[in-house]
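Atoms within each ligand, like the ligands themselves, are counted from 1 in listed order.
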Amino acid sequence: ELAHGSSTYDRYMTFKEMENHIDALSTHLPNKVKHKVKGKTLEGHDIHLVTVSDYTIDEDKSVIFVEGGIHAREWISPAAAMNLIDHLVESPALTKHIEWHIMPVVNPDGYVYSKSWDRLWRKNRSGTWFFFCTGVDLNRNFGFHWAGDGASTNPCKQNYAGESQFSEKESKAVRDAVLEVKDRIEAYVTFHSYGQYIMYPWGHTVKTQHENHESLDKVGQAMAKAILTAEGKRYKVGPAGKVLYVASGASDDWVANVTGAPYIYTIELRDDGSYGFILPETKIQAGVNDAWVAMQVIAKEVMDQSN
Ligand code: PAY
Ligand code: ZN
């Protein structure tokens, strides 16, 4: 048993358990794990940023930014982010020249609500101008093509974009954390579920291709192949707008636009629809493995580029 413990993957952790684990890691491994709070939600939960790197090596490292739990009901997403942190603290080769910035639960109010009241809750818990409907879709609240195609101005809809771009504390927290390392970000990944897709920009339109679409596709295919080999699951690769549906104001497009980072992906984890959002606990371990396998492919790509 490690002094800093480990996450559990035979059941979905509570938000509090994830916080305790982050705390233990940063306390016991101060040269590897740092922990910052990037914001507070309406309900008073902290929005955590965990950085993992070999801090004994003093250099301006490339950053890989990972965001999880932006949607409340996609429980496998925070689990995958926590699992990534657990692997990275044991992976010296991946933390020598990379600084990982990981926000495992962007939407803690939603996660807690989904765990205790409404399993299929997606948005955060903000009040809206329409008293009877609660919650903003944080993945429609980012400031690029905000409230465009695939986003709604109706607060009762699952894809409600909010009152204005970055109106929400959670999306602001992601924005601020990204902007802090803007010039060093080489890759950005956001974990969602479900569908088994590896998607890249653009999501807001199918009319234009991203200028890096060739390398985005190549590395996306490499991730899918690695997952198929290691875990036996097929992931479909392509631009978000084409592979799934058009969505404006999502984090991936905003990051692509503001940072110009070469590798930007939204990964829809398991499953293929049999259980959908309600992925059984017996499938967590295999599900988070998919994400870990994919992240190793990206990390290798980033390291090759900077050599
Ligand atoms: O980047 O294009 C994008 C966003 C795509 C996701 C979204 O925010 O709507 C896709 C959905 C998600 O994971 O939230 C897919 C799931 C199955 C859903 O709720 O429709
Ligand atoms: Zn989602």
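Residues N141 and S167 have side chains that bring a donor and an acceptor to within less than 3.5 angstrom of each other.
With salt bridges taken as basic N to acidic carboxylate O contacts below 4.0 Å, none links K172 and D176. Taking 4.0 Å as the cut-off between side-chain N and carboxylate O, K40 and E170 do not count as a salt-bridged pair.
Residues satisfying the side chain to side chain donor-acceptor pair (under 3.5 Å) test with H71, not counting sequence neighbours, are E74, R122, D137, H192. Legend: residues meeting side chain to side chain donor-acceptor pair (under 3.5 Å) with D217, ordered by chain and number and at least two apart, are Y200, Q221.
Both tests hold for R125 against W121: distance to the six-membered ring centre under 6.0 Å, angle to the ring axis within 45°.
Checking each of R175, K38, H101 against E180 for a side chain to side chain donor-acceptor pair (under 3.5 Å) leaves exactly one that passes, namely K38. Applying salt bridge (Lys or Arg N to Asp or Glu O under 4.0 Å) to D290 and the options R234, R270, K283, K233 leaves one that passes, R270.
Distance CG/D46 to NZ/K36: 14.5 Å, rounded to 0.5 Å.
Among protein atoms, those of element N, O or S found less than 2.8 Å away from the Zn ion (ligand 2) are H71 ND1, E74 OE1, E74 OE2, H192 ND1.
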Inventory of protein N or O atoms under 3.5 Å from ligand 1 N or O:
unit_1: ligand 1; atom_1: 1 (O); unit_2: D252; atom_2: OD1; d: 3.3
unit_1: ligand 1; atom_1: 1 (O); unit_2: D252; atom_2: OD2; d: 2.7
unit_1: ligand 1; atom_1: 8 (O); unit_2: R122; atom_2: NH2; d: 3.4
unit_1: ligand 1; atom_1: 8 (O); unit_2: N139; atom_2: ND2; d: 2.9
unit_1: ligand 1; atom_1: 8 (O); unit_2: R140; atom_2: NH1; d: 2.9
unit_1: ligand 1; atom_1: 9 (O); unit_2: R122; atom_2: NH2; d: 3.1
unit_1: ligand 1; atom_1: 9 (O); unit_2: R140; atom_2: NH2; d: 2.8
unit_1: ligand 1; atom_1: 9 (O); unit_2: Y245; atom_2: OH; d: 2.7
unit_1: ligand 1; atom_1: 13 (O); unit_2: E74; atom_2: OE2; d: 3.2
unit_1: ligand 1; atom_1: 13 (O); unit_2: H192; atom_2: ND1; d: 3.2
unit_1: ligand 1; atom_1: 13 (O); unit_2: S193; atom_2: O; d: 3.4
unit_1: ligand 1; atom_1: 13 (O); unit_2: E268; atom_2: OE1; d: 2.9
unit_1: ligand 1; atom_1: 13 (O); unit_2: E268; atom_2: OE2; d: 2.8
unit_1: ligand 1; atom_1: 14 (O); unit_2: H71; atom_2: ND1; d: 2.9
unit_1: ligand 1; atom_1: 14 (O); unit_2: E74; atom_2: OE2; d: 3.0
unit_1: ligand 1; atom_1: 14 (O); unit_2: R122; atom_2: NH1; d: 2.7
unit_1: ligand 1; atom_1: 14 (O); unit_2: H192; atom_2: ND1; d: 3.4
unit_1: ligand 1; atom_1: 19 (O); unit_2: R73; atom_2: NH2; d: 3.1
unit_1: ligand 1; atom_1: 19 (O); unit_2: R122; atom_2: NH1; d: 3.1
unit_1: ligand 1; atom_1: 20 (O); unit_2: Y245; atom_2: OH; d: 2.9

